[in-house]
Engineer: 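Questions regarding the structure given below will be posed in turn.
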Amino acid sequence: MGDGTACSSGTAAFSRRRFIAGTGSILGATALGLRATPAAAAAPIGNGAHVPALVIGTGYGGSVAALRLAQAGVDVHMIEMGMAWDTPGSDGKIFCATTAPDYRSYWLRTKTKQPLSNFLGFPIDREIPKYTGILDAEDFSGITVYQGRGVGGGSLVNGGMAVTPRRENFGAVLPSVNADEMYNVYYPRANTGLGVGTIDPAWFDTTDCYQFARVGRKHAQRSGFPFVFVPDVYDWDYMKREAAGTATRSALAGEILYGNNHGKKTLQHTYLARAKATGRVNISPLHRVTSVSAASGGGYTVVIEQLTTSGGVTATKTVTADRVFFAAGSVGTSKLLVKLKATGALPNLNSEVGKGWGDNGNVMCGRANHMWDPTGALQSTIPCSGIDNWAAGGVFAEVAPLPTGIETYASFYLSITKNPNRGQFSWSGGKVDLNWQTAWKQPAIDMAKTIFDKINSKEGTIYRTDLFGTYKIWGDHLTYHPLGGAVLNKATDNHGRLHGHPGLYVIDGALIPGNTSVNPFVTITALAERNIEKIIAADLRP
Ligand code: FAE
C-alpha cells in the first residue's frame, strides 16, 4: 500500500521471488538516472562552524527552504537525523521491500511495527537488528505516529499521493492564508517542483496491477459515491514499463513503506537535487539537533549530536547560525520547540507552541469481498484513486493496495476525516509527551462508516477483522499524517516567523492546524513556497 500500507505475506516463496527481482536494481536505477546523487563529497558540519542559514530536517518544508534560500544567494546547511540513503546494501539495493523488512526498515527498533500488524489473524511483525532505518513508528501513549527518517524525510516512505485540497475546503485548512495566492501561484509551483502526475485512465482500465482500484471504483459508484483519480509523484511511464517487463520493478515489487529503489520522485530527485546543484547547500545526515538558543554575539547557538547507525552519539557539536529554520516535521519541530521553551533555551516562545496538533483524521479499514470480486495478486503499491465524501460525510478515503502477492479478496482503505479532536505536546519528566487518546479517533471512525457501512450493505459484504489484531475492524491506533504543534498565525506570524525570537522560522507540517482534508504534502510544500518567498523578500534582502 502507499499512503495506506502494506504487510508482508510471510511466504518464503514470495520473498525469494521479490529478492531475485530486486537484484537487478542497480543497473535499472543507473540507466534511469533515478539514483540519488551521493552526498559523499560534502563534509558533515564541523564543531564551531558558523552558517548563515541552518535548516533542521530534510523533508518537504526543509527542502523548499534550502532550495529557495540557495537560489537567493544564501549558504545553507541542512541537519538530518536520518541516513543519506544513497548507498546500496550488500544485496545491491538501497531500500528493502515492504514484504521483507530488514535492518533498513525501522528507526532504532528491534522488532518491526507494521501498520497492519496481523494478516489472516496471525501477527506478522518480526525481529530486526537495531539500526537507523527509514521508517519511525514513534509511540505516544494514545497513538503511533509514522514518519520518514533520512535525507528526503517523509518523501522516502510515503505513497507519493500528491493531492491539492478542493478550493472550497481551503478556508478550513489554513484560515489566515490568501486562497487566491495559494491556488494561482503556490500550489502550481509546488506541483511542478514535486513532479506531480496522474495515471493514464486508459491504462488504469486494463492493467492487472490496478484491479484492486477498479473494484474500489465499482463499489464506490454502485453506492453513489464520487470516485476520483488522485495524482502522485511516482513516474507513471516507469510503472507502465514495470508492468510490461521492460523495467526493474519497484511499485510492482512491493516497494513503498521502506523506500522505492526506482520510479518514485522523492525529494532526493526533485527539490533536494536542485538545491544541491546550486552549490550552496550542504547536508549532514545522521546529525540530530538537540538545542537552539540565542547566541551572545547575535544569531543562534545550535547543539547537534552526530549519530552512529545503532543510535549512539559519537560527537556533540556546537555551531552558530544567523537564522534557523525548523523543518523537523510536525512532531520533530513541536518536540524541539516545547522542550526549548520549557527549559528556558528559547524563553520568549509564546504559549501556542505545542498546541493544535492533529492526525489528519486518519483511520484505516479493510472489507472482505465476494469471490466474484477478486482484487488481484499483483497490486501496485502506489494508490491512484479515492472516494470523496468530504462534503456529505467528512471523509476522503484513499483506495489503497494490499500487495501481499496473493489473492486476498480484500479492499483496503486509508480514510482522511474531519476529526475535530486536537492534541497538545507538553514537557514533563524531562521529555515531551502528546496527550492524544485513542478514543479521540471515534469521530473519524463514524465518518469513515458513512462510506463503508453503505458499501457493505449494498454489496452484501463485511469488514475485515484480521488486519489490526484479532477481531479488530478499525486501524485507529496510528497516523501517517501528523500536522500542527506550531500553528501558523498562532505560534508564528502569518509567514512562519516564531514569535519572540527574530531569525527563527517554522517551515513544515507543524504550521498546519491538524487537518488538510486530503493527503498533506502538497499543502506543506505550497505553504513553504509561499512563506519562504516572503521571508527572503522581507528579511534577507538588503
Ligand atoms: P518530514 O517530511 O517528516 O521531514 C522532517 C525531517 O526532519 C525528517 O527527515 C526527520 O528525520 C528530520 N528530523 C526530525 N527531528 C530532527 C532533529 N531533531 N534533528 C535533525 N533532523 C530531524 O516533515 N502524505 C501525502 O501527501 N501523500 C501520501 O501519499 C503520504 N503517504 C504517507 C505514507 C507514510 C507511510 C507516511 C509515514 C507518511 C505519508 N504521508 C503522505 C505524509 C507525508 O510524508 C508528511 O506529511 C510529510 O513528509 C511531512 O513533511 P514535513 O516537511 O513536515
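Throughout, residue positions are numbered sequentially from 1 according to the sequence presented. Start at 1 and go down the list; that is how both ligands and their atoms are numbered.
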Engineer: So, is Met81 polar-close to ligand 1, with some N/O to N/O distance under 3.5 Å?
Structural biologist: yes

Engineer: Look at atom CZ of Arg167 and say whether more than 12 heavy atoms of other residues, nucleotides or ligands are closer to it than 6.0 Å.
Structural biologist: yes

Engineer: If we only count N/O pairs under 3.5 Å, is Leu257 in contact with ligand 1?
Structural biologist: no

Engineer: Could you walk me through whether His477 and Thr438 pass side-chain hydrogen bond (donor to acceptor under 3.5 Å, both in side chains), step by step?
Structural biologist: CA-CA 6 Å; His477 58 298; Thr438 308; over 6 Å; no

Engineer: Test your reading of the structure: does Val522 have an N or O sitting under 3.5 Å from an N or O of ligand 1?
Structural biologist: no

Engineer: State whether the shortest distance between N or O atoms of Gly61 and N or O atoms of ligand 1 falls below 3.5 angstrom.
Structural biologist: yes

Engineer: Under the side chain to side chain donor-acceptor pair (under 3.5 Å) test, which residues partner Asp359, sequence neighbours left out?
Structural biologist: Lys441

Engineer: Looking only at distances, please establish whether an N/O atom of ligand 1 is found under 3.5 Å from an N/O atom of Leu336.
Structural biologist: no

Engineer: What do you reckon, does Arg288 have a nitrogen or oxygen under 3.5 Å from a nitrogen or oxygen of ligand 1?
Structural biologist: no

Engineer: Any N or O of Val289 that comes nearer than 3.5 Å to an N or O of ligand 1?
Structural biologist: yes

Engineer: Distance under 4.0 Å to a non-hydrogen atom of Gly329: what atoms of ligand 1 satisfy this?
Structural biologist: 5 (C), 23 (O), 53 (O)

Engineer: Is the contact between Glu80 and ligand 1 made by the side chain, the backbone, both, or neither, using heavy atoms and a 4.0 Å cut-off?
Structural biologist: both

Engineer: Do the charged groups of Glu138 and Arg149 touch, with an N to O distance under 4.0 Å?
Structural biologist: yes

Engineer: Evaluating non-hydrogen atoms only, which member of Arg149, Met78, Glu398 is closest to atom 10 (C) of ligand 1?
Structural biologist: Arg149

Engineer: Check this for me: does any side-chain nitrogen of one of Arg68 and Glu533 sit under 4.0 Å from a carboxylate oxygen of the other?
Structural biologist: no

Engineer: Based purely on interatomic distance, does Ile524 place a nitrogen or oxygen under 3.5 Å from a nitrogen or oxygen of ligand 1?
Structural biologist: no

Engineer: Tell me whether ligand 1 is touched by Lys335 - counting only heavy atoms on the residue side and a distance under 4.0 Å.
Structural biologist: no

Engineer: Could you tell me whether some N/O pair between Gly332 and ligand 1 is separated by less than 3.5 angstrom?
Structural biologist: no

Engineer: Assess whether salt bridge (charged side-chain N to carboxylate O under 4.0 Å, His left out) is satisfied between Lys113 and Asp136, documenting all intermediate values.
Structural biologist: CA-CA 9 Å; Lys113 181 146 185 170; Asp136 194 354; over 6 Å; no

Engineer: Would you find more than 12 non-hydrogen atoms of other residues, nucleotides or ligands less than 6.0 Å from Lys490 atom NZ?
Structural biologist: no

Engineer: If the condition is ring-ring contact (aromatic ring centres under 6.0 Å, His included), which residues does Phe396 pass it with, not counting sequence neighbours?
Structural biologist: none

Engineer: Can you check whether Gly159 has an N/O within less than 3.5 Å of an N/O in ligand 1?
Structural biologist: yes

Engineer: If you take the centroid of each ring, where Trp contributes its six-membered ring, are Tyr106 and Tyr258 closer together than 6.0 Å?
Structural biologist: yes

